[in-house]
Structure formats: structure tokens, C-alpha cells
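Each remark here refers to the structure printed beneath this line.
Because only heavy atoms are used, hydrogens play no part in the values below, and waters and symmetry mates are left out as well, while side chains stay in.
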Amino acid sequence: MTYRIQKGIYKEKCDDSALLGTYIANNEAGEIIAEGPLKICVGDGVGGNAGGDEASLFVMDRAANIPEQISCEDLTDSLREINRALIAHAGKIQGHETMATTFTGLFLTKKQALLAHCGNTRLYAAQGSFLKQITEDQTISQWLINTGNAAAAEVCNKNEIRGAFGGGNVKFIEPLEVSPVFERGLPAKILMTSDGVHEYLSADEMEDILRENSSRDAAEIMIQKAVAAGSEDDCTVIIMDTISDSTI
């Protein structure tokens, strides 16, 4: 598994964090070989709220303690408890009471894969040369598209999210979705990104980069191209090459 998390070019702190197995990463790059039950999670701290970096790191730290064998219902309960703990923690820090983060997490065991999603970080699956987006962005823009108002979606703030952990109010986690995924087996590659990448690169562009490069090089190239396209936000790319008979 290859990961690269890069701070936005004008930012003092990186609001993106990731949980890779048991390791929590922030503003760094590397590779991890993982076997058995595995958690792969990414959080993008909400930039408009102070403490976004703290929020994403807090959630990754708590998610690391979620049991390896867990049902959809228990995972949902665990994530909602993490959200309540984040809100309580933030309430003790003056000026950071509304710290918030997105969350997209893949929880893999030998028997199942569960996907948890809240916000606009993304999970993709690559099989052969085709890249498919698995999550749907919980944004105002996507909601307008879904309700048939594509014209309004074109002019609205595409990064305005409808779901997040924290924010000083438990209602913001209501869009949280937890469900089984990859029930027929894992794809050849799994890709996770933050909006600093996927708002600047199309799925076709990322598909080409994955096809033409090693995973290590692909992660670096995706971020380089996103920055070249105008991204000033934190950028996260996680690529996992799977072994079909080792997980589910």
C-alpha cells in the first residue's frame, strides 16, 4: 500500500490524515505491507473551521481502536461515538469548538469489507484499466445534481459538504453511510483521495496514471498534476494493490 499526504502550498498545517492499518499518517509519504484484517481511512479536516488538522487526527486515532471483526450496525455505533467524543473534545478548546472532518473508511476482514463514508473524501476501485468511483460526495453540489438542478450545481461552491464528523453539533454526521462493499471480492487496486486531488483530476486522468505507472509513482504524479492544475489544498492519495485470495 502506497500513500502520499501533502500539505497545501500556502498552508501552515495539513488537515488531511489517514489511518493505514495501525499507522496514522499526516503530511508524509511511504509504503506499508499489510496482511489480515485492515483499516484504511482518510479524513480531510474542514478548512473553514479552526482545528481541522486536530479533528482528522482525532478521528483517525479513535478509529484505530475499532474492533477488527465488526458488524455494520456496531461500526455505525462506534463511529457515532467517535463523533460525540470529538465534539466533547473540541468543546474544551477555545476557538476550536466547531472543528470538523470528513471520513471515508474501508474496514477489511477475511469475511467482509465494510465502507463508512461521511463527506467528500472518495473511494475508487480499479479493475483492469477501468476506474470506478464507489462513494458519492455528500456535498451541496452533488445534492443539486441528484435533485435535477444541474445548472445550480455548476455555480455553487462545489466543496461545501453536507456531512462531517464534529462541527459542534451531532446533526452533521447524519449523512453517515455504512454498508458492505466489494461483496464479490476485492478489485485489483483500491484508490482513496481527498478533494485537493479529485477536484482537479478527472477519473479518466487518474485511471490513465494508474495504468501507466507503478503505484508509488502514480501517487506522486496524481498530486503533482493536481497542484499543476491549480490545487492549493492538502492532497491525499492512497493506493492499495490487493491480493485476491488474502482478504475476503
Go through the structure and list residues passing ring-ring contact (aromatic ring centres under 6.0 Å, His included) with F107, not counting sequence neighbours.
-> none

Working for side chain to side chain contact (heavy atoms under 4.5 Å, CB included), residues D74 and S71 = CA-CA 5 Å; D74 288 344; S71 66; 3.4 Å; yes

Qualifying residues under side chain to side chain donor-acceptor pair (under 3.5 Å), relative to D61, sequence neighbours excluded | none

Between E207 and L131, is there a donor-acceptor pair closer than 3.5 Å when you use the side chain of the first and the backbone of the second?
-> yes

S56 versus T101, side-chain donor and acceptor atoms under 3.5 Å = no

Salt bridge (Lys or Arg N to Asp or Glu O under 4.0 Å) pairs, two or more places apart, involving residues 187-196 | K189-D241

D16: partners by salt bridge (charged side-chain N to carboxylate O under 4.0 Å, His left out), with sequence neighbours left out | none

Please list every donor-acceptor pair under 3.5 Å in which a side-chain atom of residues 220-230 meets a protein atom from a residue at least two apart or in another chain.
{"unit_1": "E220", "atom_1": "OE2", "unit_2": "Q224", "atom_2": "NE2", "d": "3.3"}

Can you name the residues that form a ring-ring contact (aromatic ring centres under 6.0 Å, His included) with H96, not counting sequence neighbours?
-> none

Contacts of E31 that satisfy salt bridge (charged side-chain N to carboxylate O under 4.0 Å, His left out) - sequence neighbours left out = R216

Listed by chain and number, what are the salt bridge (charged side-chain N to carboxylate O under 4.0 Å, His left out) partners of K7, not counting sequence neighbours?
-> none

Got a sec, which pairs hit salt bridge (Lys or Arg N to Asp or Glu O under 4.0 Å) with one end in residues 163-173, sequence neighbours left out?
-> none

R4 side, atom CZ; C235 side, atom SG - distance, nearest 0.5 Å | 11.0 Å

Between the side chains of T121 and T102, does any donor sit under 3.5 Å from an acceptor?
-> yes

Those residues at least two apart in sequence (or on a different chain) that pass side chain to side chain contact (heavy atoms under 4.5 Å, CB included) with A85 are F58, R62

Name all residues meeting the ring-ring contact (aromatic ring centres under 6.0 Å, His included) criterion together with F103; count only those two or more places apart in sequence or in a different chain, and write none if there are none.
-> F165

Under the salt bridge (charged side-chain N to carboxylate O under 4.0 Å, His left out) rule, collect the residues that match up with D208, sequence neighbours excluded.
-> R211

